[in-house]
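Heavy atoms only: backbone and side chains are in, while hydrogens, waters and symmetry mates are out. Since the structure is predicted, the reported quantities are computational estimates derived from the model, not experimental observations.
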Amino acid sequence: MQTEMLLKVVNKWKAENLEIASPYSKRHIQSAFAKIGKSVSKDIIEIYTTFGGLADEMMDSNLLSFWTLDQLVYENSSRKSDFVLFGDF
């Protein structure tokens, strides 16, 4: 994944006046994924070190809600799945 593309997403969200959470450290991201028993990919680290997701319940003009790590952990903690949910669409 490329940081340039991610920054375009951030700029789109800013233009829509959405509340964007601050980026996370790599260590914080790894800790969050460890809490749900999942490994974390380089792409996920790149995403969450570029932006921290959208504030709770916020959606962009495409009806995408990209979760913060706190919400990601909350939504995935009780799930038994090979996949990690990270937003709503």
(message) If you define the side chain from C-beta out and look only at heavy atoms, does anything of Leu64 sit under 4.5 Å from Asp88?
(response)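 Of all side-chain heavy-atom pairs linking Asp88 with Leu64, none is under 4.5 Å.
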(request) Indicate yes or no: at least one non-hydrogen side-chain atom of Phe33 is less than 4.5 angstrom from one of Leu72. (result)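 Contact flag for Phe33/Leu72 side chains = yes.
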Assigning hydrophobic clusters by single linkage (Ile, Leu, Val, Met, Phe, Trp, Tyr; side-chain heavy-atom cutoff under 4.5 Å), is [X] placed with [Y]?
{"X": "Phe51", "Y": "Met59", "value": "no"}
{"X": "Phe86", "Y": "Leu63", "value": "no"}
{"X": "Leu54", "Y": "Leu6", "value": "yes"}
{"X": "Phe89", "Y": "Ile47", "value": "yes"}

(message) Which residues pass the side chain to side chain contact (heavy atoms under 4.5 Å, CB included) test with Ala32, not counting sequence neighbours?
(response)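 Residues passing side chain to side chain contact (heavy atoms under 4.5 Å, CB included) with Ala32: Leu69, Val73.
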(request) Under the side chain to side chain contact (heavy atoms under 4.5 Å, CB included) rule, collect the residues that match up with Ala55, sequence neighbours excluded. (result)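 Expected list: Glu19, Met58.
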(request) For the residue pair Ser65 and Glu57, confirm or rule out a side-chain donor-acceptor distance under 3.5 Å. (result)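 On atom types as modelled, these side chains do not qualify, holding no pair under 3.5 Å.
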(request) Classify the ring geometry between Tyr48 and Phe66 as parallel (under 30°), tilted (30 to 60°) or perpendicular (over 60°). (result)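 Tilted.
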Sorted by first residue and then second, give each side-chain hydrogen bond (donor to acceptor under 3.5 Å, both in side chains) pair with at least one member in [range]; sequence neighbours left out.
{"range": "residues 8-18", "value": "Lys12-Glu16, Lys12-Ser61, Trp13-Asp60, Glu16-Ser61"}
{"range": "residues 69-78", "value": "Asn76-Arg79"}
{"range": "residues 22-36", "value": "none"}

(request) Could you tell me which non-hydrogen atom of Glu46 sits nearest to which non-hydrogen atom of Gln2, and how far apart they are? (result)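 Minimum heavy-atom separation between Glu46 and Gln2: OE2-C, 3.3 Å.
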(request) Can you see which heavy atom on Lys38 is nearest to which on Val84, and at what distance? (result)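 That would be CG-CG2, 3.6 Å.
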(request) Mind checking the CD1-NZ spacing from Ile44 to Lys42? Nearest 0.5 Å is all I need. (result)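 If I round to the nearest 0.5 Å, the distance is 14.0 Å.
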